[in-house]
Amino acid sequence: MADLPRAVRQAMPLAREVAVEVAKQYGVCIRPIALKRLDTHTGRWEVVDVPCGATLDAKCSSCAKRNRQLRKAQCREGWHLDHEPASTPDQANDDQRWLVEFRADLQARRDEVAALGEDTADWDAAIEGVDAEINEAGMRGSVLGRTVPKRTRSTRRRQDAANLPKRRMTPTTLGRTFQASDGKVYRPSLFVTLTLPSYGKVHDGVPLDPDTYDYARAARDALHFSKLVDRFVQNLRRVAGYDVQYFATVEPQKRFAPHLHMAIRGTLPRAEVKQIAAATYHQVWWPQVDEVRFADDHLPVWQDEAGYLDPATGEVLPTWDQALDQLDADEEARPLHVIRFGDQVDVKGVLAGTPDADQCIRYLSKYLTKSLGDTLDTDNPAQHEHAARMVEALRYEPCSPACPNWLRYGVQPKGAKPGMAPGRCRSKAHKPDHLGYAGRRVLVSRKWSNKTLAEHRQDRRTWVLEALGQRDETPDSHRYLWKPVPAGDANVAPLAMRLLRSVAERQRWRAHMDQLQAQADGQESEATGRAA
């Protein structure tokens, strides 16, 4: 090797990079996270590699591919169901009832202490611990439910929004069926694409005139897009007259605006779906941000027990709740922003088991592992400038009630704390990779497949283990204790060594699966020969 010319050696691939490439081919996580696991039954500690896709938002290519396959299975399994998914909760057991009775006793004692004017901190801590045990015991939600009343406004529709028909609700999640002349029954479903309106003429994702492009509206639409989707689903169910189930993904357009692809179980007339989209809107009832009160070096200052103050007058800025109270009291108040869908609405009928259904499922999962900013063309300076303008428009735009940008407009953010400053919000909505959209990329209704993603993952695991002839033992969640491995721990092998071990394990799995497939093919050939 040393005798070879330098140019020849430089052209050789690095062995470490080839190892990573091979690991990707075998579906091995290339960024595993080492964790220490204590088996409480045996008292033994061991180091276990956990795939990065199970713990991080940013996933390696192998974990991203695995998650895409899970989402495809989830979409396919629930799209054309011909039976109602079971949704009846299990009956509570004795342990669960005892925990709730114990929680009631603690609440009564806490209320007695509070009535005497004494400190309730110890009782509150005990109640918090029991609430955690209640969830660990297999009960969902909180015993108390919603304890803070929800702020509501008038639900009267806007004058510029068309009224929608409303059908009587039927207790079903299944759509209509149609019978052909030959007696065959069809149960079609829908694939719908919804986009946001235009903010100015664009070519290949870039505004023709950036100075007239409405970046402010584009930024606000991206921030509140998830609420508009919720309104669309609500209107869709009212018009359809049944509990419409959906599997939807939010994906980026070239112009950096989010748009929605939605698989809908059941069918409605195309004209009705377009009518629903045109009549759907969401009003953002937040304080106005037209006037910038504090900027540059003139920023509110923090004072303990008071909150943020005007640096010039010392006046305490109104809290978030106080600002909303002022908004509610103003009969002339207008919403900060009204978001609607654009005119482009695509509605397509899909039948189960057809190439169209498979193509739609692939399309739904196409961008699941990419951020909105991944549509950026690295060789196009105009797109970089467009992205920079969009990020700048989002910089001081409030993204939530807790956003520090509210200080710029003279309002204390919800849950205000020292150190906040306008333009320094840590929400992912303000990051270039998200371009305003901070919601979930995959939206799945509760009765879609009647399974969580973890249950779909367990189905795949069960199938593989059965094919390999191994027992599928459901692990006891209380058996193991997990701890992070400190940096430099001598018990953790180098990453390359761990990748090679995982590749070797996958090789054994694949060899065994190939052997089983060959046996199955041989048996099928023998059966065909006997039949002939």
Side-chain angles (χ1 to χ4, degrees), residues 75-76 78-82 157-158 160-170 172-182 184-198 221 225-253 255 257-282 338-367 442-445 447-449:
C75 181
R76 183 177 292 105
W79 198 355
H80 297 90
L81 278 182
D82 56 2
R157 291 186 62 79
R158 293 176 59 91
D160 56 356
N163 291 322
L164 291 170
K166 183 177 180 180
R167 295 188 175 96
R168 184 177 180 180
M169 290 295 295
T170 57
T172 180
T173 66
L174 307 180
R176 294 181 297 172
T177 58
F178 300 87
Q179 187 172 4
S181 57
D182 58 358
K184 188 174 182 180
V185 177
Y186 293 91
R187 190 183 296 274
S189 294
L190 293 179
F191 182 76
V192 178
T193 299
L194 302 173
T195 61
L196 287 171
S198 173
D221 279 0
F225 185 72
S226 60
K227 294 295 185 181
L228 183 65
V229 173
D230 292 341
R231 292 292 185 187
F232 174 77
V233 172
Q234 185 182 62
N235 289 338
L236 184 69
R237 286 173 172 165
R238 288 176 176 174
V239 174
Y242 70 99
D243 191 4
V244 176
Q245 300 299 298
Y246 59 90
F247 180 101
T249 59
V250 179
E251 298 177 356
Q253 291 181 300
R255 57 174 180 157
H259 71 301
L260 185 80
H261 297 298
M262 177 178 283
I264 298 174
R265 187 190 306 157
T267 185
L268 280 83
R270 288 178 172 83
E272 277 194 357
V273 176
K274 293 182 178 181
Q275 181 185 3
I276 295 169
T280 297
Y281 64 90
H282 173 66
V338 180
I339 176 175
R340 304 174 184 272
F341 290 113
D343 296 332
Q344 295 183 358
V345 179
D346 184 65
V347 184
K348 181 179 182 181
V350 181
L351 290 175
T354 61
D356 281 348
D358 293 337
Q359 182 180 3
C360 290
I361 291 172
R362 289 194 299 270
Y363 200 74
L364 280 165
S365 61
K366 182 178 180 181
Y367 293 101
V442 182
L443 312 172
V444 186
S445 54
K447 300 177 185 177
W448 176 255
S449 64

Please list all pairs meeting salt bridge (charged side-chain N to carboxylate O under 4.0 Å, His left out) that have one or both residues in residues 234-248, counting only residues at least two apart or in different chains.
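Checked against salt bridge (charged side-chain N to carboxylate O under 4.0 Å, His left out) - neighbours excluded - the pairs reaching residues 234-248 are R237-D243, D243-K447.
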Restricting to pairs with a member in residues 260-281, which pass salt bridge (charged side-chain N to carboxylate O under 4.0 Å, His left out), not counting sequence neighbours?
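Residue pairs with at least one partner in residues 260-281: R167-E272.
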Taking all non-hydrogen atoms of both residues, which atom of [X] and which atom of [Y] are closest, and how far apart?
X    : Y    : value
C75  : A263 : SG-CB, 4.4 Å
T267 : F178 : CG2-CE1, 3.8 Å
V442 : F247 : CG1-CZ, 3.9 Å
L196 : F225 : CD2-CD1, 3.7 Å
Q245 : W448 : OE1-N, 3.4 Å
L228 : I339 : CD1-O, 3.4 Å

Answer whether the closest heavy-atom distance between the side chains of [X] and [Y] falls below 4.5 Å.
X    : Y    : result
L236 : T280 : no
V244 : V233 : no
T173 : Y242 : no
V338 : H282 : no
H80  : P188 : no
V192 : I264 : yes
T195 : F341 : no
L364 : F191 : yes

Could you list the residues that satisfy side-chain contact (heavy atoms from CB on, under 4.5 Å) with R187, not counting sequence neighbours?
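D82, L174, T177.
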Of all residues at least two apart in sequence or in a different chain, which pass the side chain to side chain donor-acceptor pair (under 3.5 Å) check with H261?
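Per chain and number, H261 pairs via side chain to side chain donor-acceptor pair (under 3.5 Å) with T193, E251, H259.
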Kindly write out the residues that satisfy side chain to side chain donor-acceptor pair (under 3.5 Å) with S189, not counting sequence neighbours, or none if the list is empty.
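None.
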Solution key, residues 344-360 side-chain donor-acceptor pairs under 3.5 Å, sequence neighbours excluded:
from, atom 1, to, atom 2, distance (Å)
T354, OG1, L351, O, 2.7
T354, OG1, A357, N, 3.4

